[in-house]
> 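My questions all concern the structure below.
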Amino acid sequence: MAGSNIIDLNPELLSAAAESKAWPFEEAKKIIERYKGADFPETILFETGYGPSGLPHIGTFGEVARTSMVRHAFRVLTQDKVATKLLCFSDDMDGMRKIPDSVPDRSALEPHLHKPLSSVPNPFGGDYASFADHNNAMLCRFLDTFGFDYEFASATRYYKSGRFDAMLLRAAERYDQIMAVMLPTLGSERQATYSPFLPISPKSGRVLYVPMKHVDAKAGTITFDDEGTETTLSITGGRVKLQWKPDFGMRWAALGVDFEMFGKDHQTNAVVYDRICNILGGRAPEHFVYELFLDENGQKISKSKGNGLTIDEWLTYAPTESLGLYMYQRPRQAKKLYFDVIPRAVDEYYAFLAAYPRQDWKERLGNPVWHMHDGNPPAIDMPVPFSLLLNLVSASNAQNKDVLWGFISRHTQGVTPQTHPELDQLVGHAIRYFDDFVKPTKTFRPADDVERAALEDLDKALGALPAGANGEAIQNASLNVARKIERYQDHSKQSPEGGPGVSGAFFQMIYQVLIGQERGPRFGSFAALYGIAETRALIERALAGQLA
RNA sequence: GAGCGCGUAGCUCAGCCGGUAGAGCAACUGACUUUUAAUCAGUAGGUCAUGGGUUCGAAUCCCAUCGCGCUCACCA
């Protein structure tokens with residue numbers, strides 16, 4: 001999505017951008033305001049944080065996607081004259097406090113509890129030296145599949161390389177100030193043992209949460225008790241890390257981060273991060289607080305609860321772009337993230353895409369697709385909405401794309417999987433969505449005696465038809481069956497021969513018994529596409545009681 | 001306790017840089033000449049939570065109140 005690509009900067013666009021109220025522009029303007037009356041630094045740094053104890057998830061995607069949108073808006077506003085960078089920072093020096101559920105051999109990790117994730121062996125085997133390396137690689141692969149433009153950063157490597165040393169020494173100098181900020185934010189129990197410095201034990205390799213006995217700013221050392229041994233350790237070179245709140249502030253100060261967004265759960269703490277950053281002589285980045293995602297019951301989505309939707313699940317049923325749209329829209333509102341929102345997101349995406357070419361620049365800059373595609377949305381013709389496809393799959397009970405395409409091409413000429421590959425993709429998504437969500441809710445009912453006889457007659461009638469019979473022929477054959485049955489005679493209608501017409505109840509019965517739905521497409525067309533032999537097999541199964 | 005968000009048609013929501021209320025679904029009516037429908041036309045339904053303010057004009061901006069939800073206060 002966002003990249004170091006060339007972006008469009010025509011004059012009308014630029015003047016519309018200056019006025020735009022779209023949230024990425026609002027955020028980008030905060031960064032410009034930040035440097036008002038001064039020169040921009042060499043590179044404007046956008047950061048997103050990532051905790052590598054789990055796999056990348058939908059929140060990771062949202063944060064990177066949204067940050068990329070702000071970055072792009074900034075590039076447009078500054079006419080791309082200022083270099084920008086998105087740093088995806090992995091806090092892989094964090095101690096492994098518990099063993100994740102997802103690993104294969106949990107007991108093998110037990111000896112490594114509380115060690116930095118980058119020192120924990122990789123439980124998945126393979127090419128990566130540590131657990132953190134593995135998860136970091138998963139993150140990068142994840143981001144790469146979406147085409148994000150970013151630079152990966154490992155906390156462990158930054159600490160060990162000495163990149164944070166100057167700031168760590170300053171933190172020792174200003175230890176009292178940092179403590180003065182931190183202590184009031186803690187409960188009394190934690191206050192007693194709190195330390196912003198977390199030494200890595202030379203003895204056990206663990207990240208220690210121990211009180212400081214002495215902090216020597218001049219020597220750049222800390223002294224603490226390590227399981228009975230009084231230990232003095234240099235705070236530089238990755239021997240000591242900072243506790244997370246000071247870590248945020250220190251990192252911002254050390255790297256000169258200009259923008260970092262985070263979820264509402266960080267909001268209260270952000271003030272603390274900022275103050276630490278200031279104490280260390282840095283300027284806190286611009287923030288943007290986004291709302292958390294909720295499940296269908298309005299509960300916060302969390303990995304541990306396993307509620308809500310995973311990114312893989314979303315992408316099983318819909319194209320990536322629909323998820324990008326979801327991320328663009330109303331980031332400050334808590335939105336429900338569950339399966340029901342997918343069809344709407346998909347259809348809205350294509351609707352926005354279709355509207356784009358005929359919009360003026362002001363409207364375009366308010367159109368999500370402009371932000372999602374770095375100002376260069378693709379031209380895609382989507383003749384059939386996703387909601388309609390779902391309807392159709394459900395009605396036809398389609399098991400594969402061919403059946404569905406049969407219906408589609410009947411109604412829209414010149415549309416084929418070749419001319420409309422996106423639609424073809426969507427057809428596949430619709431079938432999967434149907435299988436997983438609609439199908440389980442279907443309720444088949446058994447046929448009573450009259451219905452049973454009617455279906456048997458229908459079966460025979462179908463059997464008498466030639467193999468290639470068309471929809472019309474099948475429809476007429478089934479009507480002939482129904483006309484003989486008293487229950488389905490409708491005397492308010494007339495058959496071609498002058499007798500009573502066929503009641504709609506006949507077809508309703510067919511769908512209730514055969515497909516488990518109240519309605520369906522014209523039966524003749526359905527049977528023609530579904531196949532006469534297949535339809536007869538379906539009747540057989542229904543009569544054998546295998547459906548209800 | 002602190003912070004954030006929400007309260008608009010039966011349901012899900014859009015509209016919110018102010019200018020006579022919208023969509024989808026549901027409901028109802030009718031057309032399509034054997035009603036099974038990815039069709040078309042139409043109807044109905046809202047004191048835009050409440051009270052005040054700014055304004056010629058407020059669902060939209062400001063203040064207050066009520067209701068609902070979430071987050072943080074242990075860890076990251």
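Just so we're clear, the structure is a prediction, and the values are computed from it rather than from any experiment. In the text below, chain A, chain B and the rest are named by the order of the sequence lines, each starting its count at 1.
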> Looking at A/Tyr290, is A/Arg66 sitting on its ring face, NZ or CZ under 6.0 Å from the six-membered ring centre and within 45 degrees of the normal?
yes
> Charged N to carboxylate O below 4.0 Å: is that the case for A/Glu451 and A/Arg445?
yes
> Between A/Phe262 and A/His287, does the ring centre distance come in under 6.0 Å?
yes
> How would you list, by chain and number, every residue that makes a salt bridge (Lys or Arg N to Asp or Glu O under 4.0 Å) with A/Arg251, sequence neighbours excluded?
A/Glu47, A/Asp247
> Quick one about A/Tyr194 and A/Gln243 (side-chain donor to acceptor, distance below 3.5 Å, no hydrogens or angles considered), yes or no?
yes
> What integer distance in Å separates A/Phe523:CZ from B/U34:C1'?
16 Å
> Over how many whole Å does the gap from A/Ile342 atom CD1 to B/U12 atom C1' extend?
16 Å
> For A/Arg97, which residues count as a side-chain hydrogen bond (donor to acceptor under 3.5 Å, both in side chains) partner, sequence neighbours excluded?
A/Asp94
> Could you measure between the two P atoms, the one in B/G52 and the one in B/C16, and give it in whole Å?
26 Å
> Suppose we screen for salt bridge (Lys or Arg N to Asp or Glu O under 4.0 Å). Which residues come up paired with A/Lys401, at least two apart in sequence or across chains?
A/Asp424
> In whole Å, I'd like the distance from the CG atom of A/Asp265 to the C1' atom of B/A76.
10 Å
> Restricting to salt bridge (Lys or Arg N to Asp or Glu O under 4.0 Å), what partner residues turn up for A/Arg206, sequence neighbours left out?
none
> Could you work out the separation of B/A41 and B/G57 based on their P atoms and round it to a whole Å?
40 Å
> Using atom P of each nucleotide, how far apart are B/A73 and B/U54 to the nearest Å?
43 Å
> Between the protein and nucleotides 38-40 of chain B, are there any N/O to N/O pairs under 3.5 Å, and if so, what are the atom names and distances?
residue, atom, partner, partner atom, Å
B/A38, N7, A/His411, NE2, 3.4
B/A38, N6, A/Phe407, O, 2.2
B/A38, N6, A/His411, NE2, 2.8
B/A38, N1, A/Phe407, O, 2.9

> Give RNA chain B the dot-bracket treatment, 5' to 3': Watson-Crick (N1-N3 with N6-O4 or O6-N4) or G-U (N1-O2, O6-N3) under 3.5 Å, [ ] crossing, | other strand.
((((((((.[[[[.)...(..]]]].(((((.......))))).....[[[[[..)....]]]]])))))))....
> Rounded to whole angstrom, note down the C1' distance from B/G46 over to B/A14.
15 Å
> Say you pick atom C1' in B/U50 and the same atom in B/G1; how far apart are they, in whole Å?
26 Å
> Can you measure from CG (A/Leu242) to CG (A/Leu168) and round to the nearest 0.5 angstrom?
5.5 Å
> Using atom C1' of each nucleotide, how far apart are B/A44 and B/G51 to the nearest Å?
31 Å
> To the nearest angstrom, how far is A/Lys241 atom NZ from B/A76 atom C1'?
9 Å
> Taking atom P in both B/A31 and B/C68, what distance in whole Å separates the two?
49 Å
